[in-house]
There are 2 protein chains.
Amino acid sequence: MLTIGKLAGVTGVKVPTIRYYEQIGLLPEAGRSAGNQRLYGKAAQERLSFIRHARDLGFPLEAIRELLSLSDDPARPCAAADEIARRQLSAVKARISRLAALGTELERMLEQCSHGTMADCRVIEVLGNHDHCAQDHHGGTQDRL
Amino acid sequence: MLTIGKLAGVTGVKVPTIRYYEQIGLLPEAGRSAGNQRLYGKAAQERLSFIRHARDLGFPLEAIRELLSLSDDPARPCAAADEIARRQLSAVKARISRLAALGTELERMLEQCSHGTMADCRVIEVLGNHDHCAQDHHGGTQDRL
DNA sequence: TCTTGAACCTATAGTTGCTATAGCACTTAG
DNA sequence: CTAAGTGCTATAGCAACTATAGGTTCAAGA
């Protein structure tokens, strides 16, 4: 049985984050010691590692909640889990292409800068006037990493 | 003179967002009509367009605040603005490379999926066990877009 | 002129995924 | 036995908005 600090150590998830996951129901309520401290077994450790890994891959907590509830039911077809992962992949791809466009625009902006005074700074000028832009970078998707 | 709704229309910034920018001091307090409604002139419109464009390029509000205060002082050298933009560019690049790694891992995961039941779903299996991963995707930078 | 509906106002709470703080109780090494 | 370290709860804060409630003002049609 691990205390919350040890669990944090082995999973790489911080202590307050573990308590937060319990609070939002992503982890079941932990058993307690005589002195009211949380104690974790192997199952909890595996569940938390799963969550950690999925978070590292950018899955939102709600998606992780779905994945966990799917995996609790081994007989069901795996298509639903598949679909969640595919959604995540396409969100990642969308994010990359948007960021690539932003990077290009930022580079263009910086190349043009002649390092004089603010009065004729291209950075400020470009930001003030969208007509200078080569690409359309308006209204990107809001899906979070 | 534009009402807040018209200003929202021409700049593409939503009405509550404009009020929010005023509240946090990114926009100066707007003048008011006889009936206490905000009225905006050309200067406010340009300032807001600047903010919008910088946000589209992913600059955090604090960076925008700096850029605005720099541009209010046309005699100063442009190096400071340059530096802010360079920081933003490197944040964008870091974000892209991290996302690319995540994308690769997600693709690998999905390729291996044999579309059976949850019991032997690779998606779940891979998420549960980091040893399956080709790459290191732990502890990415937290800088926001 | 009256009325209706859109657009405005303020203030507050919610979003995501944590992180930090305050003020305690418990546990463990010396 | 005591002091440091870890644990507990509850609450507030972060970015950057978005949504809601409950009220006022404005513009246009009858």
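Numbers restart at 1 for each chain; the letters A, B, ... are given by sequence-line order, proteins then strands.
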Among residues 28-44 of chain B, which contact DNA chain C at a heavy-atom distance under 4.0 Å? R32(B), N36(B), Q37(B), R38(B)

Rounded to the nearest Å, what distance is computed from the CD atom of residue E62(A) to the C1' atom of nucleotide dC18(C)? 15 Å

Just the rounded figure in Å: distance from C1' of dG17(C) to CD1 of I51(A). 13 Å

Would you name the heavy atoms of L70(A) and I84(A) that are closest together and state the gap between them? CD1-CD1, 4.0 Å

Write down the atom of F50(A), the atom of L127(B), and the distance for their closest heavy-atom approach. CE1-CB, 3.5 Å

Kindly indicate, with the supporting measurements, whether the criterion side chain to side chain contact (heavy atoms under 4.5 Å, CB included) is fulfilled by K42(B) and E46(B). CA-CA 6 Å; K42(B) 196 125 201 213; E46(B) 277 165 15; 3.9 Å; yes

Which whole-number value in Å describes the distance from I64(A) CD1 to dG17(C) C1'? 10 Å

Separation of dA11(C) P from E22(B) CD (nearest whole Å): 12 Å

Between dC8(D) atom P and Y20(A) atom OH, what is the distance in whole Å? 18 Å

Could you pull out every donor-acceptor pair under 3.5 Å between side chains of residues 5-22 of chain A and any protein atom, sequence neighbours left out?
from, atom 1, to, atom 2, distance (Å)
T11(A), OG1, L7(A), O, 2.7
T11(A), OG1, V13(A), N, 3.3
E22(A), OE1, R38(A), NE, 3.0

What is the nucleic acid contact for I24(B), judged by heavy atoms within less than 4.0 Å: base, sugar-phosphate only, or nothing? nothing

To check you understand the geometry: which heavy-atom pair defines the closest contact between V92(B) and L99(A), and what is its length? CG1-O, 3.4 Å

Counting side-chain heavy atoms from C-beta on, which of dC9(C), dT18(D), dG17(C) comes nearest to R55(A)? dG17(C)

If I take atom CG in residue L2(B) and atom C1' in nucleotide dC8(C), what distance separates them, rounded to the nearest angstrom? 15 Å

Closest heavy-atom contact between R47(B) and L26(B)? NE-O, 3.2 Å

What is the distance, rounded to the nearest whole Å, between atom CG of L61(B) and atom C1' of dC14(D)? 12 Å

Atom CG of L26(A) and atom P of dC18(C) are separated, to the nearest Å, by 9 Å

DNA chain C nearest-nucleotide lookup for T3(B) and Q23(B): closer to the 5′ end is T3(B)

Using only side-chain N and O atoms of Y21(A), determine if any of them is under 4.0 Å from OP1 or OP2 of dC18(C). yes

Please determine if R108(B) and E105(B) form a salt bridge, counting it only when a charged side-chain N lies under 4.0 Å from a carboxylate O. yes

State, to 0.1 Å, how close Q88(A) and P60(A) come at their nearest heavy-atom pair, and which atoms those are. OE1-CD, 3.8 Å

Within residues 11-19 of chain B, residues whose heavy atoms come under 4.0 Å of DNA chain D: K14(B), T17(B)

Using 4.0 Å as the upper bound for N to carboxylate O, is an ion pair formed by E107(B) and K93(A)? yes

